[in-house]
Each structure stands twice: as structure tokens, then as C-alpha cells.
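What you see is a predicted model, and the numbers here were worked out from it, not measured in a lab.
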Amino acid sequence: MRARVTVYPRPEILDPQGKAIHQALGRIGIEGVEKVRAGKSFEIDLSHQDPEEATKVLERICQKLLANTVVEDYEVELLPGGAG
Amino acid sequence: MKAGVIVFPGSNCDHDVYHVFRHVLGQEVEFLWHQEEDLASCDLVVLPGGFSYGDYLRSGALAALSPVMAAVQRHAERGGLVLGICNGFQILLEAGLLPGALVPNRSLRFECRDVWLRVERTDLPFTSGYKDRDVVRIPVAHMDGNFQASASTLDDLEDSNQVVFRYVDESGAVSSAANPNGSARNIAGLTNAEGNVLGMMPHPERCVEELLGNTDGLALFSGLIRETVGILQQEVAS
């Protein structure tokens, strides 16, 4: 089963990368961009077939390593048609 | 007294810390590889600065999971002394030995310069060599030194007097201009509730010799050694 995990800085935490990208977009003349948040995306292949079990493992992966929950939020998404 | 300096892949201040203990202060010291599972009976463990695991994922995140960190955790739980400097501080936070997190600097730049620190308490082994409210000049060199925690955690840290060093100006006043990275409440270093684990972003090991123009960091190490020897003597006596 394949999953995607995205990790973003929490809204109240300063996101210098997002801010820098936002400023750069202004410099190249792209208008109408109000905010950019820069995060990370992970594609994970699991041997688990049961979505519930896979979600449990992914939660653990996020809590233990992929996100620092003091300053980051994460989302877990199971992808259809992932490698079985 | 025996100090241990942990070496992670990518540590780069390990030799500086070793130099302070062995050559400047004449103490027994050894390197401990990150895959070690015991601390070779070291009384004090130092997690040095650098870029462990290339700062992959988050600064300190991967190093926090290395085998030696389980031993550091046990050492800390037994009341053993642990000092984390710069990347070492990041690792202590990621390992949950100290509260909060370090995020990228407010300036979006790597900050490498001398800063002024106020010593907020001197009742710890780490700061016994300083006088209360001393203002000292110590260099910082980091990209992710912006200390953040929830408002309630910050209040708890203040209430329980766990802030050990604060960024100040030369006169000792806290200000935003004196804060090199945007850290909440100008926090440059903090300890755990028990006072045996210290994490700090500035590098005291880089200012311990007249030859290099600044010795403000020396009192941290000499005080630490004096206190550790004192604690060991008490243990032997009892």
C-alpha cells in the first residue's frame, strides 16, 4: 500500500522558506499570491494491506520521526493503486 | 572526572570540545561513536555542534534516534550531566530531553558572529563558574537556532527558572535587536527541571583561550569540572 505524508510548519510558527519563496514570486512579477507555506512530502510504500493497520503505522512514523509536533502538523493520505 | 564527547556522522565541533577538556583543562576525555550503547563510565556527556546526518529531515532529528542516545537518556535519568551545544542542543530537543524546538532563523540567514549572553542562574554545575547575571560574549554559528515552544511551555520554563542563558545587548538588556535568530523570549540556553541537562545554541568551546581573543566560555567548562569532581567526591564519601 502506498501513502503520502505531508508535513507543514504549524500556522503560528514562522515559516522562513515559505516567506522567501513568496518574496521571490513577487520579484519575478507574479501577482496575486497571498501566502506560501513550504512543507515536506513523503511517499511511503508499506507491506500492510489493511488500510486501518497502515494508517496506524503511518501515524507512528509521523509521531516518531517525520514530524516534530512541537512546531509541525502532518497529514496522512492513502493513495489508490499504490504498489501492493 | 571523565568527559565523553559523542561523535555523530557530521559532527564538526567534537575535536574543539575534546581540546578544551584534554589540552586546556587537563581532564580525561574520550570520543564516543554514535553507535555505542554505553557511555564508557563517563561522568559528563557532551553532544557537540555540527551537521549530524547533514541536517536531513530536521536538524538533530536522525541523530536523536541513534543507539548512543538511549544511553544518554539513561545517563540523564540517573542524574548524569549532559551538555548539548548547537546541533547538540537540537538533538536534545528532538530526543525529548528538553522541551521545545529549534526552527530556522528569523533572518533566513546562517548567523555566525559573537553575541552577548546573560547568565540567568548560577546554581547549576554548568554555570557555577559565572557570577549571577554575568554578561558574556560567546559566538553563535547556526541556521536553525530560533527556539520556539507553546506559550504554556514558555511560561513553565520561566516559572521553574529553566532559562539559563538569554540573548542580551552588551549592557545586559533583553531586546529584539540583541536576538540573533528570533528565539522566543530571547532564550539561548535552557535546562531540564532537574538541572542536569543543558542545551545551548552559542559555542562556549570556541572561546576558551587568550590566543583566540576571548575566554568567556572557559568558566562554563572549568566550573563544570569543579562541580563534577565535587559531586564524585561526595559520592565516594557517602
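The main-chain N or O of B:Tyr18 is never found under 3.5 Å from a side-chain atom of B:Asp14 such that the two would form a donor-acceptor pair. At distances below 3.5 Å, at least one donor-acceptor pair connects side-chain atoms of B:Arg118 with backbone N or O atoms of B:Gly172. With B:Thr191 contributing its side chain and B:Val197 its backbone, the two residues share a donor-acceptor pair below 3.5 Å.
Of the atoms belonging to A:Glu12, not a single heavy atom falls under 4.5 Å from chain B.
Going from atom CZ of A:Arg10 over to atom OH of A:Tyr74 covers 11.0 Å, rounded to the nearest 0.5 Å. Put simply, CH2 on B:Trp116 and CD1 on B:Ile138 are 10.0 Å apart, with the number rounded to the nearest 0.5 Å. If you take CG on B:Leu190 and CG on B:Leu157, they are separated by 5.5 Å, rounding to the nearest 0.5 Å. One distance of note links CZ of B:Arg137 with CG of B:Asp114; it measures 4.5 Å at 0.5 Å rounding. Of the inter-residue distances, the one linking A:His48 atom NE2 with A:Glu53 atom CD reads 5.5 Å to the nearest 0.5 angstrom.
Enclosure of atom OH in A:Tyr8 is not indicated, since only 12 or fewer non-hydrogen atoms of other residues, nucleotides or ligands lie within 6.0 angstrom.
Contact annotation for residues 57-88 of chain B against chain A (heavy-atom separation below 4.5 Å, listed by residue number): B:Leu57, B:Arg58, B:Ala61, B:Leu62, B:Leu65. Taking 4.5 Å as the heavy-atom cut-off, the residues of residues 97-113 of chain B that approach chain A are B:Gly100, B:Ala101, B:Val103, B:Pro104, B:Asn105, B:Arg106, B:Leu108, ordered by number. Proximity to chain A at a heavy-atom threshold of 4.5 Å picks out nothing from residues 174-185 of chain B.
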Side chains of residues 19-39 of chain A: which donor-acceptor pairs under 3.5 Å do they make with residues two or more places apart or in other chains?
| unit_1 | atom_1 | unit_2 | atom_2 | d |
| --- | --- | --- | --- | --- |
| A:His22 | NE2 | A:Val33 | O | 2.7 |
| A:Arg37 | NH1 | A:Pro9 | O | 3.0 |

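Put simply, of A:Asn68, A:Ile13, A:Val71, the one with the most heavy-atom pairs under 4.5 Å next to chain B is A:Asn68.
When all heavy atoms of B:Leu224 and B:Phe126 are compared, the closest pair comes out as CD1-CD2, 3.7 Å. Nearest approach of B:Phe8 to B:Ser52, heavy atoms of both residues: CB-CB, 3.8 Å.
Residues B:Phe221 and B:Val46 form no side-chain contact, since every pair of their non-hydrogen atoms from C-beta on lies 4.5 Å or further apart.
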Next on the checklist: One pair to check against side chain to side chain contact (heavy atoms under 4.5 Å, CB included): A:Ile61 and A:Val76. What are the steps and the verdict?
Outcome noted: CA-CA 10 Å; A:Ile61 291 173; A:Val76 172; over 6 Å; no
